[in-house]
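Report on the following structure.
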Amino acid sequence: TRHVPFSSPLLRDAGYINGVWTSGDATKTFDVLNPATGELLASLPDMGAGETRTAIDAAHAAQPTWAARPAKERSALLRKWFDLMVANADELAAILTAEMGKPFPEARGEILYAAAYIEWYAEEAKRIYGETIPAPSQDKRMIVIRQPVGVVGTITPWNFPAAMIARKIAPALAVGCTAVSKPAEQTPLTAIALAVLAEQAGIPPGVFNVIVGVDGPAIGRELCGNEKVRKISFTGSTEVGRILMRQCADQIKKVSLELGGNAPFIVFDDADLDAAVEGAIASKYRNAGQTCVCANRLYVQSNVYDAFAAKLAAKVAEMPVGDGFEPGVLIGPLIDEQGLAKVEDHVSDALAKGAKVLIGGKRIDGAGTFFAPTVLTGVARGMKVAREETFGPVAPLFRFETVEDVIAQANDTEFGLAAYFYAGDLKKVWRVAEALEYGMIGINTGLMSSETAPFGGIKQSGLGREGSRHGADDYLEMKYLCIGGV
Ligand code: ADP
């Protein structure tokens, strides 16, 4: 058990600018609450545009020296940061569970997953290769070098307080960029703890800065409008992604965007049903349904619909809901009242339009923002669950007849992040995988995220990729050198 306000050797009640823990000119504070209990965890300085500008100046001043260091040195520092995260995984996970609510083992998993990005890009730092091109004339030589874009602004959400920052900072720092990061106001403590460890690892002042505050729009305007920032990397809602992209248009600032999803999860009648149920549980209920790659619409082929629904409901009935620090809990609270209200709205809209509750269906009374894990049957196109991201532990089951029909329904969305399907026939597997308009497809699996693979969306789910060797490209410029008179 933990004392409230939360205490940890990895916490500071400040932001981190140019290697200094500071409140800047903040005159107010904001509270960080535990969503499982409503208790106060910490009060932090409410930093804004002014502090962001100071941090950008620091990042800008630090960038040339950081980029000039041999890749092997940047790599070693990132590796040290990774080692510290692994060594402090329990402490970091406790902070994460306290401010975000996900069950402690899941939080620990996220910490190791976040650390894996830092490890991966510590390795990739040494492999930012260029290119030589055969010249079209004898006296010329042609070369391509790749250089860091410069100062990067990152804005991240609350659902993965560690992993979303690590995915951006690791490639940025690895290739020689410096960064100013704004974590979500609901979950700034994990970001602070990561910066404490970055400092311990010896990442130099100004290379990684953290601004904490509630005025996302003001901090975002400074990051997008400041000419010293060359790139914005954002993970969050499509709505805010659009605002940031517009704000970056004036300076043609580079953007990477990981936005909303509306993942279809398709179960064909030749699928292994038990495996499909396992996959649905993993994909739908992880983080209480609050991930951008969570199955949002479950399409089940007509002759296995009832069997799948029954098996899924039986498993869901066994999922313990509660405070993420309680052993065995699989479903924690939703992040806040607003998140809970959206889930309630989606469920009541579906019920009003003819859906049925097989299990769950309502808020759990008492402290904290808990919603019972839910399975809805008889779900149809006109319902909100068909169009919008629910971001909660609700599985709406749609019935379909043919392959063509389900592909059309699955693609009928402006989003294109993740999709999943379960099938046996190899020919169908290929056809469906190629026809789904998504950046990532899980085939006979409900979990596919890995630092080794390119994570990202198409359509209105975003721009760019995070993780894998491709993830470094987002932080690099290509420069072509043409040498004449050789
Ligand atoms: P979510 O629904 O997950 O909270 P948001 O897109 O609202 O997604 O938030 C993601 C991040 O974007 C958070 O850090 C939030 O503070 C920040 N944010 C929200 N609005 C803006 C804005 N107008 N400009 C910049 N950042 C913003």
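Sequence positions, counted from 1, serve as the residue numbers for this chain. Bear in mind the structure is a predicted one, so any value in this text is a computation, not a measurement. When a ligand or atom number is given, it counts from 1 through the structure's own listing order.
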Q: Looking only at protein heavy atoms, identify the closest one to atom 22 (C) of ligand 1 and say how far it is in Å.
A: Pro217 CA, 3.6 Å

Q) Using 4.0 Å as the upper bound for N to carboxylate O, is an ion pair formed by Arg167 and Glu258? A) no

Q. Any nitrogen or oxygen of Glu185, main chain or side chain, under 3.5 Å from a nitrogen or oxygen of ligand 1?
A. yes

**Q.** SB check Asp412 Arg387 (cutoff 4.0 Å)
**A.** yes

Q. With a cut-off of under 6.0 Å to the ring centre and 45° to the axis, is Lys168 in cation-pi contact with Phe234?
A. no

Q) Counting from 1, what ligand 1 atoms have a heavy atom of Gly236 closer than 4.0 Å? A) 6 (O)

Q | atom 20 (N) of ligand 1: the protein heavy-atom neighbour that sits closest, reported with distance to 0.1 Å | A | Val240 CG2, 3.5 Å

Q | Per-atom contacts, ligand 1 versus Ala184 - under 4.0 Å to a heavy atom | A | 14 (O)

**Q.** Pairwise distance CD1(Ile211) to CD(Glu222) - rounded to 0.5 angstrom
**A.** 10.0 Å

Q. Can you list the ligand 1 atoms lying under 4.0 Å from a non-hydrogen atom of Leu244?
A. 24 (N), 25 (C)

Q) How about Asn262 and Arg297: does a side-chain donor come under 3.5 Å of a side-chain acceptor? A) yes

Q. What is the closest protein heavy atom to atom 17 (C) of ligand 1, and at what distance does it sit?
A. Ile155 CG2, 3.7 Å

Q.
How long is the straight-line distance from OG1 of Thr445 back to CZ of Phe421, given to the nearest 0.5 Å?
A. 12.0 Å

Q. What is the closest protein heavy atom to atom 5 (P) of ligand 1, and at what distance does it sit?
A. Ser237 OG, 3.6 Å

Q | Arg221 and ligand 1 - part of the residue with a heavy-atom distance under 4.0 Å | A | neither

Q. Above 12 or not: heavy atoms from other molecules or residues under 6.0 Å from NZ of Lys315?
A. no

Q: State whether any protein heavy atom lies less than 4.0 Å from atom 9 (O) of ligand 1.
A: no

**Q.** Close-contact set for ligand 1 against Gly220 heavy atoms, below 4.0 Å
**A.** 25 (C)

Q: Please write down residue, atom name and distance for the protein heavy atom closest to atom 26 (N) of ligand 1.
A: Gly216 O, 3.6 Å

Q. Could you give the distance from CG (Asn209) to CD (Glu51), rounded to the nearest 0.5 Å?
A. 12.5 Å

Q | Within reach of ligand 1, part of Thr156 (heavy-atom separation under 4.0 Å) | A | backbone

Q: Could you find the nearest protein heavy atom to atom 4 (O) of ligand 1 and give me its residue, atom name and distance?
A: Trp158 NE1, 3.2 Å

Q: Check Glu388, Glu389, Lys384 against His346 for a side-chain hydrogen bond (donor to acceptor under 3.5 Å, both in side chains) and give me the one that passes.
A: Glu388

